[in-house]
Amino acid sequence: MSYLAPSEFVTKMVDAGESKIFMSTRDTIIRAYMAGAILALAAWFAVTINVNTGQPLVGALLFPVGFVMLYLLGFDLLTGVFVLSPLALIDKRPGVTLNGVLRNWGLVFVGNFAGAFTVAFMMAFVTTFGFTQAPDKVGAAIGTIGEGRTLGYAAHGAAGMATLFLRGMLCNWMVSTGVVGAMISTSVPGKVIAMWMPILVFFYMVFEHSVVNMFLFPSGLLLGAKFSIMDYLIWNEIPTVLGNLVGGLAFTGMTLYATHVMTLPKRQADKAAKPRVAA
């Protein structure tokens, strides 16, 4: 069977969250590092397409290739574990604790940032020939993204912060739907299609993804963009992380769990109590 019913794939979500909490530190860091690096490469790829074609839709259509690769390889993004790990706690899986969830989040954050920063350095090096000249047109485009998405929000004060937070929520509503998409089907083509659609939406709509930003904003700083590390943390990364957490858990994790897992005993009891109709 190529498609799983919601009650089946939501159970897989809880199982996945449990396995991530008990995963060793070594494996968690490696998988998170590779996820951050691959997603950063995909972002670099998408910006290159946008610059060379002048068509943002083309970049958005092709960006999901990175997300698909990293999830097919079993790597982990912070946006994904924000949704999966808490479900194991909510489901009261044996041995799962809040500290275990927080540990998983912290390790994945560190791994994602290290992987994304590695690619950011490589991109900055390549586009400037080892920092010996000004960046090429792709590097210049990446370098300016951070300015608009830090100082641009800051210029609007509280309203800018609220906008940033909401864009983070909307982002992980879509991205976490892509994470679930990897569990909806048992065939590779089915998984790819289910993952591709929501990631296309998030990227084209320019929502805020904490791991993509771990590549874009350090890249800007390496290339001499006119914003500071504190601008990046306060006016993007921290609010984006919080928005990603709330959006993914509220709109994807909890809604699916509440309607497809928490109601299972009641549905089964109702079915058992329903009188049979004589043939």
Side-chain angles (χ1 to χ4, degrees), residues 1-23 31 35 64-96 98 100-101 104-105 108 168-205 207 209 211 243-277:
M1 183 174 70
S2 62
Y3 172 74
L4 299 180
S7 59
E8 295 175 298
F9 69 70
V10 176
T11 300
K12 288 184 65 177
M13 291 169 62
V14 180
D15 292 341
E18 181 182 17
S19 69
K20 294 179 191 309
I21 289 171
F22 292 119
M23 191 180 297
R31 295 182 190 191
V65 67
F67 183 88
V68 167
M69 285 193 297
L70 72 91
Y71 267 100
L72 289 179
L73 292 170
F75 299 144
D76 287 322
L77 292 172
L78 184 64
T79 43
V81 298
F82 272 164
V83 176
L84 300 178
S85 298
L87 294 183
L89 181 65
I90 294 165
D91 201 57
K92 299 180 180 179
R93 292 293 177 93
V96 174
L98 178 59
V101 173
N104 175 248
W105 289 353
V108 172
M169 287 182 62
L170 290 163
C171 171
N172 209 25
W173 184 1
M174 290 295 95
V175 173
S176 59
T177 300
V179 173
V180 175
M183 304 177 185
I184 286 176
S185 175
T186 56
S187 71
V188 171
K191 289 176 182 288
V192 170
I193 293 169
M195 286 189 280
W196 206 281
M197 295 183 291
I199 304 306
L200 162 61
V201 173
F202 125 68
F203 197 82
Y204 187 72
M205 295 296 288
F207 295 149
H209 190 287
V211 182
N244 287 171
L245 170 59
V246 174
L249 191 56
F251 289 133
T252 304
M254 284 306 302
T255 51
L256 287 170
Y257 182 84
T259 193
H260 292 303
V261 174
M262 291 178 68
T263 58
L264 276 177
K266 180 179 183 300
R267 289 180 180 177
Q268 291 167 350
D270 290 345
K271 184 177 180 180
K274 185 177 180 178
R276 293 177 177 270
V277 178

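Just so we're clear, the structure is a prediction, and the values are computed from it rather than from any experiment.
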Steps toward side chain to side chain contact (heavy atoms under 4.5 Å, CB included) verdict (V83, M13): CA-CA 9 Å; V83 176; M13 291 169 62; 4.3 Å; yes
Atom pairs and distances, donor-acceptor, side-chain atoms in residues 246-255, under 3.5 Å, two or more places apart:
{"from": "T252", "atom 1": "OG1", "to": "W173", "atom 2": "O", "distance (Å)": "3.4"}
{"from": "T252", "atom 1": "OG1", "to": "S176", "atom 2": "OG", "distance (Å)": "2.7"}
{"from": "T255", "atom 1": "OG1", "to": "F251", "atom 2": "O", "distance (Å)": "2.7"}
{"from": "T255", "atom 1": "OG1", "to": "T252", "atom 2": "O", "distance (Å)": "3.1"}

Where at least one partner belongs to residues 69-89, residue pairs that pass salt bridge (charged side-chain N to carboxylate O under 4.0 Å, His left out), sequence neighbours excluded: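 Sorted result for residues 69-89: K20-D76.
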All pairs passing salt bridge (charged side-chain N to carboxylate O under 4.0 Å, His left out) where residues 183-196 contributes a residue, at least two apart: none
Between OG1 on residue T186 and CG on residue L4, distance to nearest 0.5 Å: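 Interatomic distance, T186 OG1 to L4 CG, rounded to 0.5 Å: 6.0 Å.
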Rounded distance (nearest 0.5 Å) linking atom CG of L256 with atom OG1 of T11: 11.0 Å
Heavy-atom closest contact (A88 atom, G17 atom, distance):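 So the minimum-distance heavy-atom pair works out to CB-C, 3.9 Å.
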Non-hydrogen side-chain atoms of V192 and L72 separated by less than 4.5 Å: yes
Min side-chain heavy-atom separation L170-F202 under 4.5 Å: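 No, their side chains stay 4.5 Å or more apart.
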Step-by-step side chain to side chain contact (heavy atoms under 4.5 Å, CB included) determination, N244 to L78: CA-CA 9 Å; N244 287 171; L78 184 64; over 6 Å; no
Pair listing, side-chain hydrogen bond (donor to acceptor under 3.5 Å, both in side chains) test, anchored in residues 77-89, at least two apart: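 Every side-chain hydrogen bond (donor to acceptor under 3.5 Å, both in side chains) pair that includes a residue of residues 77-89, provided the two are not neighbours, is T79-H209, S85-N104.
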Test side chain to side chain contact (heavy atoms under 4.5 Å, CB included) applied to V101 and I21, step by step: CA-CA 6 Å; V101 173; I21 289 171; 3.7 Å; yes
Ring pair (Phe, Tyr, Trp, His ring centres under 6.0 Å) against W105, all qualifying residues, sequence neighbours excluded: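 Here the qualifying residues are F82.
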Y71: ring pair (Phe, Tyr, Trp, His ring centres under 6.0 Å) partners, not counting sequence neighbours: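 With sequence neighbours excluded, Y71 shows a ring pair (Phe, Tyr, Trp, His ring centres under 6.0 Å) to F67, given in chain and number order.
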CA sep, side-chain torsions, deciding dist, call: M174, M205, side chain to side chain contact (heavy atoms under 4.5 Å, CB included): CA-CA 11 Å; M174 290 295 95; M205 295 296 288; over 6 Å; no
Passing option when E18 is tested against R93, K12, K92 for salt bridge (Lys or Arg N to Asp or Glu O under 4.0 Å): R93
Donor-acceptor contact present, side-chain S185 to main-chain S2, <3.5 Å: yes
